[in-house]
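In this text, all values refer to a predicted model and were calculated from it rather than measured experimentally. Just so we're on the same page: letters track the sequence lines, and every chain starts at 1. Values reported hereafter were calculated over all heavy atoms of this structure, with side chains retained and with hydrogens, waters and symmetry mates removed.
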Amino acid sequence: MNHLHSFSKPEHLCGEKRITRVFTQGEAFIVYPLRVVYLIEPKNQKESSTVLVSVPKKRFKRAVKRNRLKRLMREAYRLNKQAIIEKLMDKQLQIQLAFNYVSDEEMDFAMIEKKMKLSLQKLADKIDLL
RNA sequence: AUAGUAGGUCGGUUUGUCGCUUUUCCCUUGUGGAAUGGAGGAAAGUCCGGGCAACGCAGAGCACCAUAUUUCCUAACGGGAAGCUGUUUGUGAGGGCAGAGUAGCGUAACAGAAAAUAACCGCUCCGGUUUUCCGGAGUAAGGGUGAAAAGGGGAGGUAAGAGCUCACCGGUUUGAGUGGCAACAUUCAAAGCCGUACGUCUUAUGGGUUGCAAGAUCAUGUAUACCGACGCAUGUAGGGUGGCUCGCCCGAUGUCGGGGGGUAGAUUGCUAAAGGCAAAUGGUGACAUUUGUUCGAGAUAAAUGACAAACGCUUUGCGCAGGCAAAGUACAGAACCCGGCUUACAGACCUGCUAUUUUU
RNA sequence: GCUGUUGUAGCUCAGUGGUAGAGCACUUCCUUGGUAAGGAAGAGGUCGCGAGUUCAAUUCUCAUCAACAGCU
């Protein structure tokens, strides 16, 4: 069985030091409602892509809504990550990603998936330029 | 039948595809496979109480905070049950709120004569003047103001009046009896002639602090914290006793020995518990006892999901009806664990009771 | 996870139970040839929301909502 669509623990971006590094050294762009922060560097760990998603408490007060949006974003990433993974494998690079949700309104899965595809395409273009 | 009220219960189901995570097992040992478990009645707010943990422990007084009707329940509580008294709300079943003490002190705007040792108008008597009126004394029945006006209405009494006196009634205090575990209720007698609300104050009881991001262990690794002995000093400067006072305790620098702070990480704490369900017994009840049976989240930038389809339920529209179509399907997500309280909630069900209408 | 503070006019803030105020801003008028400054007058408040105590609540009590801050 192939595992093109998995999203297991090693693919999460965690640990205070690594997260701080991404946010201080990484670059960012916005594909509304997603703000994408990324850091591309030569490959030195097993996974070629590690990701975190976040929804600010300030915009969504209820935990249920925050959890749902995070799940939708994760799901959208999981189903579409192949777009960048292969390019990274070819060039022997790794990427660390952070997705911030910056809208004030809840969106459904179709919308979020569309935006996620857009932002991943944008990342793929950047990888090609390197 | 409709509307309501009190208490209790539930709060979607099935299938497919792709995923997340706990535990166990297997192998060809890795982006592997299999099996298994995986949010709530409020997981929420963090308002109380407890367990558990670390630190502290020399006390006394004051201060501070909380609580305050009775009896019971409970591990405990500021929670609950059943009562008592008052008040308020509802046609009603019911619901809300308050309930230690009152000796002293303070406040009660505006209006009103006066907001508690009262006297503007009025009433009565006396003196002056004699047309109205002026001055003095008495009085608190009547008037108006106000949220609130000095027990109630009646008879006697008087110049006019007044608990001034009398009987009855209301309330207060004291004593005695009856009922009740008690709060209290009720009866009799006596006294006295009797206002209200809030605050302050007083009394009683309780309160060490911090919280699983507590704390423990491991690997890496080193400031020189801390401890002991000796020496100095002889309780001096200063410090601690988490706000103050008294009291108590420690106590400067040196040498030797022991020892290991902080940061980031991993493991642990971590989930079986005052647990759920049923029956019987006791109790008005909260609840307790016994017996039987049953279940099993443990993540850590944080899992329990996404998509699709079908069904169920609710509402609306169309239709005589079967049915068809559309819309909706709540509040909300564990983060150490329990007991409560509070707040949010589509819809459904059960039991008791109430009101209205109709029928028998 | 734990803890605290604040909410009053468009803005910044007063207001210790008795008719809600100040400064700036706004409107009208005066002044000036005109503008600014100055002067006069005026408008603008569910006192975050909901209960309770009281004769009376911005103020006292309870619950709730929002904003902000702190510890880690």
Side-chain angles (χ1 to χ4, degrees):
Chain A
M1 195 175 239
N2 63 349
H3 294 275
L4 297 177
H5 302 307
S6 71
F7 187 59
S8 57
K9 184 71 188 174
E11 292 177 66
H12 287 78
L13 174 60
C14 47
E16 194 177 329
K17 283 180 175 173
R18 292 170 65 198
I19 293 169
T20 313
R21 210 161 67 81
V22 169
F23 276 96
T24 51
Q25 299 178 16
E27 298 177 51
F29 61 88
I30 291 185
V31 180
Y32 189 83
L34 301 172
R35 179 167 186 272
V36 185
V37 183
Y38 66 98
L39 182 63
I40 301 175
E41 50 191 10
K43 188 159 182 173
N44 60 5
Q45 61 187 30
K46 199 171 182 183
E47 304 298 331
S48 42
S49 164
T50 52
V51 175
L52 81 82
V53 297
S54 105
V55 179
K57 198 172 189 176
K58 197 167 181 177
R59 297 184 195 272
F60 295 95
K61 209 148 175 54
R62 296 293 167 199
V64 172
K65 290 181 184 171
R66 287 202 307 274
N67 279 346
R68 183 173 160 76
L69 285 167
K70 281 155 78 176
R71 282 164 179 162
L72 290 175
M73 284 159 73
R74 268 209 307 273
E75 192 73 5
Y77 170 77
R78 183 174 72 78
L79 294 173
N80 296 289
K81 66 174 185 173
Q82 278 309 108
I84 59 166
I85 294 281
E86 288 174 10
K87 290 185 192 296
L88 288 166
M89 298 280 271
D90 290 347
K91 295 205 171 195
Q92 282 297 305
L93 294 171
Q94 66 175 6
I95 190 167
Q96 302 191 342
L97 277 170
F99 292 99
N100 263 322
Y101 193 86
V102 295
S103 172
D104 279 333
E105 294 178 6
E106 283 187 83
M107 297 191 178
D108 61 1
F109 180 72
M111 190 69 183
I112 288 176
E113 187 173 30
K114 187 176 149 201
K115 297 294 183 180
M116 180 61 77
K117 278 180 176 169
L118 266 175
S119 53
L120 287 176
Q121 187 56 51
K122 211 164 172 179
L123 278 172
D125 294 346
K126 285 179 190 294
I127 292 167
D128 282 337
L129 289 177
L130 287 173

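- Side-chain atoms of A/Met89 lie closest to B/rU31 of the nucleotides B/rA39, B/rU31, B/rA332.
- What separates NZ of A/Lys70 from C1' of B/rA302 is a distance of 7 Å, to the nearest Å.
- Nucleotide B/rU186 forms a Watson-Crick or G-U wobble pair with B/rG177, both donor-acceptor distances falling under 3.5 Å.
- Shown here, B/rU29 is classed anti by the O4'-C1'-N9-C4 or O4'-C1'-N1-C2 angle, which is more than 90° from 0.
- With both pairing distances under 3.5 Å, B/rC18 is matched to B/rG305 as a Watson-Crick or G-U wobble pair.
- In this entry B/rG4 has B/rC353 as its Watson-Crick or G-U wobble partner, both defining distances falling under 3.5 Å.
- Taken together through direct or relayed side-chain contacts under 4.5 Å among Ile, Leu, Val, Met, Phe, Trp and Tyr, A/Ile85 and A/Leu13 form parts of separate hydrophobic clusters.
- Under the 3.5 Å distance criterion, the side-chain polar atoms of A/Lys115 are left unmatched by any main-chain donor or acceptor of A/Leu34.
- The CZ atom of A/Phe7 sits 13 Å away from the C1' atom of B/rA302 (whole-angstrom rounding).
- Both distances falling under 3.5 Å, in either a Watson-Crick or a G-U wobble arrangement, place B/rU329 opposite B/rG312.
- Between B/rU196 and B/rU172, the two C1' atoms lie 15 Å apart (nearest whole Å).
- Summarising the geometry of A/Leu120 relative to A/Ile84, their closest heavy-atom pair is O-CG2, 3.5 Å, with the distance given to 0.1 Å.
- Each of A/Arg62 and A/His12 was assigned the nucleotide of RNA chain B with the nearest heavy atom; the assignment lying further toward the 5' end belongs to A/His12.
- Across B/rU22 and B/rA39, the matching C1' atoms stand 15 Å from one another, rounded to whole Å.
- Residue A/Lys65 contributes atom NZ, which lies 18 Å from atom P of B/rA44 at whole-angstrom precision.
- For B/rG163, the base is syn relative to its sugar; the glycosidic angle is within 90° of 0.
- Nucleotides B/rA42 and B/rU343 place their P atoms 13 Å apart, quoted to the nearest Å.
- Spacing of P atoms, B/rG104 relative to B/rG195, comes out at 13 Å, to the nearest Å.
- Look at the C1' atom in both C/rC62 and B/rC48: the space between them is 15 Å, to the nearest Å.
- Taking atom C1' on both nucleotides, B/rC212 is separated from B/rU271 by 13 Å, rounded to a whole Å.
- Between A/Gln82 atom CD and B/rC18 atom C1' there is a gap of 14 Å when expressed in whole angstrom units.
- The pairing partner recorded for B/rC10 is B/rG347, the criterion being a Watson-Crick or G-U wobble arrangement whose two distances lie under 3.5 angstrom.
- For C/rA14, there is no paired nucleotide, since no Watson-Crick or G-U wobble pair has both relevant distances below 3.5 Å.
- Under the Watson-Crick and G-U wobble criteria, each requiring two contacts below 3.5 Å, nucleotide C/rU5 is paired to C/rA67.
- Each of A/Leu72, A/Leu79, A/Leu118 was evaluated against A/Glu113; a single residue qualifies, A/Leu79, per the side chain to side chain contact (heavy atoms under 4.5 Å, CB included) test.
- B/rA39 has its base syn relative to the sugar, with a glycosidic angle deviating from 0 by at most 90°.
- Shown here, B/rG32 is classed anti by the O4'-C1'-N9-C4 or O4'-C1'-N1-C2 angle, which is more than 90° from 0.
- A chain of hydrophobic side-chain contacts below 4.5 Å, direct or via other Ile, Leu, Val, Met, Phe, Trp or Tyr residues, connects A/Val102 to A/Val51.
- Scanning for ring pair (Phe, Tyr, Trp, His ring centres under 6.0 Å) contacts around A/Phe7 gives A/His12, A/Tyr77, with sequence neighbours left out.
- Under the Watson-Crick and G-U wobble criteria, each requiring two contacts below 3.5 Å, nucleotide B/rU172 is paired to B/rA191.
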Just the atom pairs and distances: protein N or O near nucleotides 304-308 of chain B's N or O, under 3.5 Å.
from	atom 1	to	atom 2	distance (Å)
B/rU304	OP2	A/Arg71	NE	2.8
B/rU304	OP2	A/Arg71	NH2	3.1
B/rG305	N2	A/Glu75	OE2	3.1
B/rA306	OP1	A/Arg68	NH1	2.6

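- Toward the 5′ end of RNA chain B lies the nearest nucleotide of A/Val53, the other residue of the pair A/Ala63 and A/Val53 mapping further downstream.
- Straight-line distance from the CG atom of A/Leu52 to the C1' atom of B/rU300: 14 Å, rounded to whole Å.
- Using a 90° window around 0 for the glycosidic torsion, B/rG12 falls outside it and is classed as anti.
- Between A/Lys81 and A/Glu11 a salt bridge is recorded (basic side-chain N to carboxylate O distance below 4.0 Å).
- Spacing of P atoms, B/rG90 relative to B/rC201, comes out at 38 Å, to the nearest Å.
- Residue A/Gln82 holds its CD atom at 9.0 Å from CE of A/Met89, rounded to the nearest 0.5 Å.
- Side chain of A/Lys87 to main chain of A/Asp125: no donor-acceptor pair is present (N/O by atom type, distance under 3.5 Å, no hydrogens or angles).
- Spacing of C1' atoms, B/rC121 relative to B/rA185, comes out at 49 Å, to the nearest Å.
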